[in-house]
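Notes follow the structure.
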Amino acid sequence: MNDFTQQVFAFVYQVPVGKVATYGDIAKLAGMPSHARQVGKILSNLPADTKLPWYRIVNSQGKISLQGERGDYQRQQLAAEGILLSAHGSISLRTYRIVTS
DNA sequence: AGCCTGACTCCTA
DNA sequence: CTAGGAGCCAGGC
C-alpha cells in the first residue's frame with residue numbers, strides 16, 4: 001500500500017453521487033498526472049464488496065472502459081444515480097465531470 | 001535487461 | 001465525432 005494508492009482511494013471516495021471523474025483526473029489529483037493506467041489497475045484489484053464508488057470513474061471520452069458483465073454493472077450503477085447516456089452511449093463529461101478543465 | 005499486457009491519454013489528421 | 005500512433009508506467013514472465 002503506497003501513498004499514491006491511498007490518494008486514489010481518497011479521491012474516488014470523494015466523487016459525489018450523480019457525478020463522475022476520469023482516470024486521468026484521479027491520477028492528477030493524486031499528484032501523478034501520468035499514472036492514469038495505474039488508477040485503472042488499482043480499481044481492478046478492489047474487492048467485490050468495496051464501499052468505493054469505482055463505477056463513477058470513466059475514461060477521458062466519457063465511456064465505460066470495462067467490457068462484459070463488469071461494464072454492464074457499472075452502467076447500471078450510473079443509471080441508478082441518474083447519470084444518463086447520450087445518444088451514442090457515452091456520458092456527457094461536460095455535465096457530470098467533477099473537474100472542470 | 002527485454003517483451004507483453006492493460007478499467008489510460010494526448011495529438012494529429 | 002472517429003482512427004491511428006505514440007507516450008505512459010507498474011507488473012508478470
Side-chain angles (χ1 to χ4, degrees):
Chain A
M1 211 43 108
N2 53 47
D3 283 354
F4 177 63
T5 302
Q6 291 288 333
Q7 292 287 298
V8 169
F9 286 155
F11 286 114
V12 170
Y13 196 74
Q14 286 174 42
V15 178
V17 174
K19 292 285 189 177
V20 301
T22 69
Y23 298 94
D25 288 338
I26 299 299
K28 193 164 193 173
L29 289 171
M32 305 305 271
S34 63
H35 287 48
R37 306 187 82 132
Q38 293 318 312
V39 173
K41 176 165 292 190
I42 290 171
L43 297 187
S44 73
N45 291 323
L46 289 173
D49 61 356
T50 181
K51 302 293 190 297
L52 234 59
W54 57 268
Y55 49 80
R56 294 190 191 132
I57 310 303
V58 297
N59 63 31
S60 64
Q61 301 172 72
K63 297 215 252 170
I64 307 293
S65 289
L66 279 171
Q67 301 302 310
E69 280 183 34
R70 302 271 270 161
D72 293 333
Y73 175 73
Q74 178 169 15
R75 246 190 300 283
Q76 177 186 311
Q77 292 303 302
L78 293 176
E81 296 191 344
I83 295 176
L84 307 177
L85 302 178
S86 69
H88 290 313
S90 57
I91 295 167
S92 174
L93 293 180
R94 205 89 126 192
T95 303
Y96 304 110
R97 199 182 193 180
I98 62 173
V99 178
T100 59
S101 60

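So that the names make sense, note that chain A is the first sequence line, chain B the second, and so on, each numbered from 1.
For the pair Val39(A) and Val12(A), the minimum side-chain heavy-atom distance is 4.5 Å or more. In this structure the side chain of Met32(A) never reaches within 4.5 angstrom of the side chain of Gln7(A), judged on heavy atoms. Two residues are said to be in side-chain contact when any heavy atoms from C-beta on lie closer than 4.5 Å; Arg56(A) and Val17(A) meet this criterion. Here the side chains of Ile91(A) and Leu85(A) are in contact, with some heavy-atom distance below 4.5 Å. Using a 4.5 Å heavy-atom threshold, the side chains of Leu43(A) and Tyr23(A) count as touching.
Distance Asn59(A) CG to dA7(B) C1': 9 Å, rounded to the nearest Å. Taking atom OH on Tyr23(A) and atom C1' on dT9(B), their separation rounds to 13 Å, with Å as the unit. Remark: P of dG6(B) and CD of Gln67(A) are 12 Å apart, rounded to the nearest angstrom. A straight line from NE2 of His35(A) to P of dC10(B) spans 15 Å, rounded to a whole angstrom. Remark: P of dC8(B) and CD1 of Ile64(A) are 11 Å apart, rounded to the nearest angstrom. As a whole-Å value, the separation of Ile57(A) CD1 from dC8(B) P is 12 Å.
By the 6.0 Å contact criterion, CG on Asn45(A) is enclosed, its count of non-hydrogen atoms from other residues, nucleotides or ligands being greater than 12.
Side-chain atoms of Gln74(A) come within 3.5 Å of backbone atoms of Ile57(A) as a donor-acceptor pair (strictly under, hydrogens ignored).
Residues of residues 37-51 of chain A that place a heavy atom closer than 4.0 Å to DNA chain C, in numerical order, are Arg37(A), Gln38(A), Lys41(A). Within a heavy-atom distance below 4.0 Å of DNA chain C, no residue of residues 73-95 of chain A is found.
Contact annotation: Ser65(A) reaches the phosphate of dC8(B) (side-chain N/O to OP1 or OP2, under 4.0 Å).
Note on Leu84(A): it clusters hydrophobically with Leu93(A), by side-chain heavy-atom contacts below 4.5 Å among ILVMFWY residues.
We find that Arg75(A) and Asp72(A) are joined by a salt bridge, their nearest charged nitrogen and carboxylate oxygen being less than 4.0 Å apart.
Of all nucleotides in DNA chain C, those with any atom nearer than 4.0 Å to a heavy atom of chain A start and finish, going 5' to 3', at dG7(C) to dG11(C).
Nucleotides dC8(C) and dT12(B) have their P atoms positioned 15 Å apart, rounded to a whole Å.
When each of Tyr73(A), Tyr13(A), Phe9(A) is tested with Trp54(A) by the rule ring-ring contact (aromatic ring centres under 6.0 Å, His included), just one qualifies, namely Tyr73(A).
Atom CG of Leu52(A) is separated from atom CZ of Phe11(A) by 13.0 Å, given to the nearest 0.5 angstrom.
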